[in-house]
Number of protein chains: 2
Amino acid sequence: MTENQLFQRLQAQLSTLIEQTPAGQRLPSEPDLAKELGVSRATLREAMRAFEAQGQIRRRQGVGTFVVGAPGVMETGLELLESIETLAKRIQLPVSLGAIDINPLLADAAQAEKLRVAEGTPLVEVSRTILTADRPVAFLIDLLPQEYLLPEDLQQGFSGSVLDVLLHRSAPPLARSVAQIQAVSAKPQIAKKLQIQRGDVLLLLEAQLYGADGRIVDYSHSYFIPGHFRFHVVRRVGTA
Amino acid sequence: MTENQLFQRLQAQLSTLIEQTPAGQRLPSEPDLAKELGVSRATLREAMRAFEAQGQIRRRQGVGTFVVGAPGVMETGLELLESIETLAKRIQLPVSLGAIDINPLLADAAQAEKLRVAEGTPLVEVSRTILTADRPVAFLIDLLPQEYLLPEDLQQGFSGSVLDVLLHRSAPPLARSVAQIQAVSAKPQIAKKLQIQRGDVLLLLEAQLYGADGRIVDYSHSYFIPGHFRFHVVRRVGTA
DNA sequence: CAGTGGTCTAGACCACACG
DNA sequence: GTGTGGTCTAGACCACTGA
C-alpha cells in the first residue's frame, strides 16, 4: 500500500484543521465536514474522538464542535496526598467547583466490603466535578462513614474537597492513602458528567485513605481527562 | 424512559454471555450475534469493545472471537523500579517474551531532547511485547544511547529487559527513575502490536531513568492493557 | 422552529486465517 | 474458497440548544 488507512489520513487532516482554528471558534458541522473531507459521518466522528478525549475540542449537542485553547496542565507527584483544590492553588491554576452531589445512604454489601464496615452502616457519598475554563476535567467520588463526616459538615464554606475537610479537622488522625492507578473507558454516566463521549479514555485513581488506627476513613474514585493532568512518581533503584 | 440506552442493555447481555462461555471457547460470529441480539453489527462491535479492552475477550481477524479466562493480575507498587520480568517472577506468574525488535539509530531532534544528548548521537531502540498465556499484555519501548548499551549486548541470554541488563551490570550507576502516568487511546501501530483495536484504552508509563551523575540513561514508554496489571502507590499524609 | 451532535441501521467491501 | 473480524458508507431518527 502506498497510503495508510483512511482513519490515519483523516486524523492528520483534522489535526491541521484544529491547529489552524482559533481557540473558541466553531468547526464546521459534522455533515459539512464529512462531505468536505470525502468520508462518511461515522468515520469522521471516530477520527474526531481522539481529539475530544485529549481535550483539544469540545462537542456540545445542539450547539456545535469548538476548538479548545491550550489547557493549563496540572502536574504533580503522587507521593504526597493532596486535594485537587490544594494542587491548583499551589501551581496557580484557576479551577472551580462544578456540580456537587451529597448523598447519605446505607452501606450495601459491596460498599461495606470496600470500607470494611458492617452492611447498613450510615455512609455519605460526595461526588463533584472540577472545572478549568468552564470545562469539566475531573470527576471525583468520595465514600465514607458518617462517623467521620456528616452531610451537615459540608454546608458552609465547603470548597468541595472532602480530603481538605478531613485534613484540616485533624480528626480522625490520618496515616496514609493507597491509590490504585488504572486506565478506563468512560461509562455513559461518567462521560455525561465530564461532557465527553462514552468510551473515551480516562485515568482513574481508586484510593483508600487509612486512619492512624488502620481503619479506612475514605474510599474514593477520581476520574481525570488526559491532557489536563500529569501525574508522576519517583521510583527508586535497588533491592530494598 | 423506562429503559436505558441500547448500548447499555447490550453490554449487560454480552456480560452474561461471556460469563456463561467457558474460557477459550469461541463466541458466535459477529453477524450471527448481531442478528440474535437484534442490533446492527456496528452497535454490537461498539459494545464488545469494552470487553476486549479489559482483556475478557480476544478478537482475531479471520478466526473468531474467543473468551479469555480470568487473567493473572500483576499487582505491584510503583515505588521500587523493577522490570516486568522480575515482577512476574516475584509473584510467580508465567510471562514470555513476544516479538522483540532491536534498532540502532541516530538521535533526531525530538529524541535528542528527551535524552538530553546531542542530535546525531548513536542510540539503540529496543521494543518488545510481553505475553501471558500467549496473549500480549504489554508493549515496551526503551531508547538509550549506545554509550550505555550496544546492540551486541543483547544477543546471548537476553531476557528482553533492558532494565535488568543495566541493573545487573552495575554500570553505569543508577540513581532513580521518574515515571509519568497517563491514560491513552491505542494508536493503530500500538494496537496492532497488542492485538487490540485502535482506540482501546491503555495505561502508559513514560519513564526517565537517571544515572548517579544526573544524566538520563534510558527513556522508555510502557503500554499496559488494563485488567492484567494493577499498579498502586502509597501517598503520605502531611505537609512535608 | 431549524440546526447541531448522539445513536443506530443495513449493507458493502476488504484483509486475514484455515482448510 | 469460505468464513471470520476490520473498515467504511449512506441514510435515518433522536435529543438537545438557541433563536
Side-chain angles (χ1 to χ4, degrees), chain A residues 1-11 13-14 25-53 57-68 134 186-200, chain B residues 1-11 13-14 25-53 57-68 134 186-200:
Chain A
M1 274 197 276
T2 67
E3 77 168 29
N4 270 324
Q5 299 224 152
L6 182 53
F7 169 80
Q8 292 179 349
R9 172 176 69 79
L10 246 192
Q11 286 203 333
Q13 288 177 293
L14 282 174
Q25 283 296 107
R26 221 199 71 185
L27 293 178
S29 74
E30 293 185 354
D32 289 353
L33 200 49
K35 188 175 179 182
E36 184 182 333
L37 297 175
V39 298
S40 72
R41 204 182 137 207
T43 303
L44 171 68
R45 281 178 58 78
E46 181 65 20
M48 293 179 84
R49 198 172 185 162
F51 295 97
E52 170 156 45
I57 62 174
R58 178 177 177 185
R59 288 143 103 166
R60 299 174 59 195
Q61 184 171 359
V63 185
T65 300
F66 299 83
V67 174
V68 175
D134 289 329
K187 294 178 182 176
Q189 181 195 353
I190 307 292
K192 193 171 183 180
K193 296 277 190 183
L194 287 170
Q195 297 179 9
I196 57 177
Q197 283 188 274
R198 70 165 155 74
D200 279 355
Chain B
M1 273 193 277
T2 68
E3 75 169 27
N4 269 325
Q5 300 225 151
L6 181 53
F7 170 81
Q8 291 179 351
R9 172 175 69 79
L10 246 190
Q11 287 203 332
Q13 289 177 293
L14 282 173
Q25 283 296 107
R26 219 199 73 185
L27 293 178
S29 75
E30 292 185 355
D32 289 353
L33 201 48
K35 189 177 178 182
E36 184 182 332
L37 297 175
V39 298
S40 72
R41 206 183 138 207
T43 304
L44 172 69
R45 282 179 59 77
E46 181 65 19
M48 293 178 83
R49 197 171 187 163
F51 295 97
E52 170 155 45
I57 62 174
R58 178 177 176 185
R59 298 199 264 203
R60 299 176 59 195
Q61 185 171 359
V63 186
T65 301
F66 299 84
V67 174
V68 176
D134 290 330
K187 293 178 183 177
Q189 180 195 354
I190 306 291
K192 191 171 184 180
K193 297 277 189 184
L194 286 171
Q195 297 178 12
I196 57 178
Q197 283 189 275
R198 70 164 156 74
D200 279 355

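No experiment lies behind these values; they were computed from the predicted model shown. Sequence lines set the chain letters: A, B, ... in the order given, protein chains first and strands last, and positions in each chain run from 1.
Note: CG (Leu6(A)) to C1' (dA15(C)) measures 16 Å, nearest angstrom. Protein atom CZ of Arg9(A) is 13 Å distant from nucleotide atom C1' of dT7(D), rounded to whole Å. Going from atom CD of Gln197(B) over to atom P of dC8(D) covers 12 Å, rounded to whole Å. Here dT7(C) presents its C1' atom at 14 Å from CD of Glu46(A), a figure rounded to the nearest Å. In this structure, CZ of Arg45(B) is placed 5 Å from C1' of dG6(D), rounded to the nearest angstrom. Taking atom CG on Leu44(B) and atom P on dG6(D), their separation rounds to 11 Å, with Å as the unit. Going from atom CE of Met48(B) over to atom P of dT4(D) covers 13 Å, rounded to whole Å. Computed from coordinates, the Arg60(B) CZ to dG5(D) P distance equals 12 Å when rounded to whole Å.
Between Arg59(A) and dG6(C) there is a side-chain N or O to OP1 or OP2 distance below 4.0 Å. OP1 and OP2 of dG11(C) both lie 4.0 Å or more from every side-chain N or O belonging to Ser40(B).
Closest approach of Glu52(A) to Ile196(A), counting heavy atoms only: OE2-CA, 4.0 Å. Closest non-hydrogen pair, Leu33(A) versus Pro28(A), comes out as CD1-CG, 4.1 Å.
For Gln61(A) and dA15(D), a side-chain-to-base donor-acceptor distance below 3.5 Å is present, hydrogens and geometry of angles not being considered. Interface remark: the Arg41(B) side chain does form a donor-acceptor pair with the dG6(D) base, using a distance-only criterion of under 3.5 Å.
Residue Arg26(A) is classed as a sugar-phosphate contact, given heavy-atom separations below 4.0 Å to backbone atoms only.
Each of Glu52(A) and Lys192(B) was assigned the nucleotide of DNA chain C with the nearest heavy atom; the assignment lying further toward the 5' end belongs to Glu52(A).
A salt bridge between Arg49(B) and Glu46(B) is present, with a side-chain N of the basic residue lying under 4.0 Å from a carboxylate O of the acidic one.
Distances were taken from every side-chain heavy atom of Thr43(A) (C-beta onward) to each of dT9(C), dC8(D), dG5(D); the shortest belongs to dC8(D).
Between the side chains of Gln195(B) and Arg58(B), at least one donor N or O sits under 3.5 Å from an acceptor N or O.
Side chain of Asp32(B) to backbone of Ser29(B): no donor-acceptor contact under 3.5 angstrom is found.
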